[in-house]
Amino acid sequence: MDHDTNRRTGTSIDRDDPLAELDRALRTRPRTIPPRWLYDDRGSELFDRITRLPEYYPTEAEREILATHSAMIAEVSGATTVIELGSGTSDKTRTLLDAFVVHGEIERFAPLDVSEATLLFAAEVLAERYPDLVIEPVVGDFTRHLARLPSGGTRLVAFLGGTVGNFYTDERRAFLGALADGLVAGDWLLLGVDLIKPIDRIMDAYDDSQGVTDAFIRNALAVINRDLGANFDLGNFEYVPLWDAREHRVDMRLRACDPETAHIAALGLDVVFEAGEELRVEISTKFSPGDIVAELADAGFGDAELLTDAAGDFGLVLTRRT
Ligand code: AVJ
């Protein structure tokens, strides 16, 4: 049994098997595609472009928080190992690491990412910038491979960008629980969360005028076509971002204009769409400070401190495994 199997909720989830997970998600209503299918090379590049869009505020806001508070985070935590989940190129993390080198006790940096190529490239750059640190890249998926995190010393796990907002509520509970299980009392979590704010600003960030978000969401179908021998007709789908007021999240969907049957060879599955039927590709949950702190407490994290940018758009929660 994988370390992060969801024993807290007792549900049998199929995170260990991406194909079974996709098969099941496509049979629910609305039909759903799990976010892992968004991030092939082109998807990663499109996301990178999203972070530079004028409408997409989270990246800059988080950068501002890190610039302001990294020295305090390094000092207060006294962490000797910094771990980053879904590290990519560890771009923003350099601000954090710079501060840890000057103000903290850091000895080791362990970036975890699904893309081995990205990791190896990042590791080389990091090794050059931080000659005194042990750089320990870990290839893995943060929803499945938390057991691969290095142990020893005082650890600080950074999970930035607001990616925790991509999980559905149950998945988020399972993830935070599994993360807590993998840490020991005194370890730290630094969690990036996008905060609830006027809906117009949120929706503009997910419906940009250049259509980059549309291309990013649509790319999931191209990935499934290529990797799983499917034949989704990309031109038949229209990008429709919705605000789900009850769950406070952006719900990014593709709507089939005409009826369509997509065959997915690797699953032996025909997905039948009626005209106008919507396919959910990604959600991005926005948090109130009280809610996320309560969820963290349920999972086993205490003494939470919320750091925000001056505009109050985005939050970094610094919290301790209790
Ligand atoms: C990478 C999950 C933080 O939800 O804001 C951006 C992904 N999707 N625009 C987010 C995303 C569409 C992003 N995260």
Side-chain angles (χ1 to χ4, degrees), residues 32-66 84-93 111-115 118 141-143 157-169 171-172 175-176 190-223 237-244 247-254 278-287 292 308-309 311 313-317:
T32 301
I33 292 179
R36 71 174 77 249
W37 299 96
L38 287 162
Y39 292 96
D40 67 339
D41 287 347
R42 179 168 158 74
S44 300
E45 189 200 306
L46 285 166
F47 178 65
D48 203 62
R49 283 179 57 194
I50 288 175
T51 65
R52 285 181 269 117
L53 290 169
E55 296 98 333
Y56 192 75
Y57 58 84
T59 309
E60 268 320 301
E62 188 175 53
R63 218 187 283 283
E64 180 188 322
I65 303 168
L66 286 170
E84 184 180 14
L85 304 181
S87 48
T89 54
S90 294
D91 215 25
K92 273 177 289 188
T93 322
L112 177 139
D113 202 89
V114 275
S115 164
T118 305
D141 173 339
F142 53 71
T143 65
V157 174
F159 190 38
L160 304 177
T163 302
V164 74
N166 275 171
F167 289 123
Y168 291 87
T169 311
E171 292 175 331
R172 191 167 65 240
F175 168 78
L176 292 174
L190 183 65
L191 182 67
V193 288
D194 196 8
L195 300 173
I196 293 177
K197 63 181 65 60
I199 295 157
D200 290 0
R201 283 201 53 226
I202 295 176
M203 293 315 288
D204 282 351
Y206 294 87
D207 196 11
D208 65 278
S209 57
Q210 297 172 50
V212 184
T213 309
D214 177 332
F216 172 73
I217 294 297
R218 201 177 288 266
N219 182 55
L221 297 183
V223 172
F237 288 87
E238 175 192 14
Y239 175 54
V240 276
L242 314 169
W243 174 248
D244 182 334
E247 306 283 353
H248 14 95
R249 65 194 188 199
V250 185
D251 189 330
M252 288 163 265
R253 297 184 178 199
L254 293 171
E278 290 170 0
L279 172 65
R280 182 157 66 194
V281 181
E282 193 184 33
I283 57 165
S284 192
T285 304
K286 308 306 170 192
F287 298 89
I292 189 62
T308 72
D309 57 310
D313 283 338
F314 196 87
L316 277 184
V317 186

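When reading the values below, keep in mind they use all heavy atoms of this one structure, side chains included, and skip hydrogens, waters and symmetry mates. When a ligand or atom number is given, it counts from 1 through the structure's own listing order.
Taking any N or O of T163, backbone or side chain, none lies under 3.5 Å from an N or O belonging to ligand 1.
Below 4.0 Å from some heavy atom of Y206 lie the following atoms of ligand 1, by number and element: 4 (O), 5 (O), 6 (C), 9 (N), 10 (C), 12 (C). Within the listing of ligand 1, atoms 4 (O), 5 (O), 10 (C) sit less than 4.0 angstrom from a heavy atom of S284. For ligand 1 and N166, the ligand atoms under 4.0 Å from any heavy atom of the residue are 2 (C), 4 (O).
Between R63 and E60 a salt bridge is recorded (basic side-chain N to carboxylate O distance below 4.0 Å).
Judged by distance alone, with hydrogens and angles left aside, the side-chain atoms of E55 form a donor-acceptor pair with the main-chain N or O of S209 at under 3.5 Å. Using a distance-only test at 3.5 Å, with no hydrogens or angles considered, a donor-acceptor pair links the side chain of E62 to the main chain of G161. Of the possible polar contacts, one joining the N166 side chain to the I283 backbone as a donor-acceptor pair under 3.5 Å is found.
Nearest to atom 8 (N) of ligand 1 by heavy atom, out of E55, E282, K286, is E282. Among Y56, F47, Y39, the residue whose heavy atom lies nearest to atom 10 (C) of ligand 1 is Y56.
Of all protein heavy atoms, the one lying nearest to atom 3 (C) of ligand 1 is G161 O, 3.0 Å.
F159 and F142 have perpendicular rings, their planes meeting at more than 60° on a 0 to 90° scale where under 30° would count as parallel.
When each of Y39, Y56, Y239 is tested with F216 by the rule ring pair (Phe, Tyr, Trp, His ring centres under 6.0 Å), just one qualifies, namely Y39.
Not a single heavy atom of G165 sits less than 4.0 Å from an atom of ligand 1.
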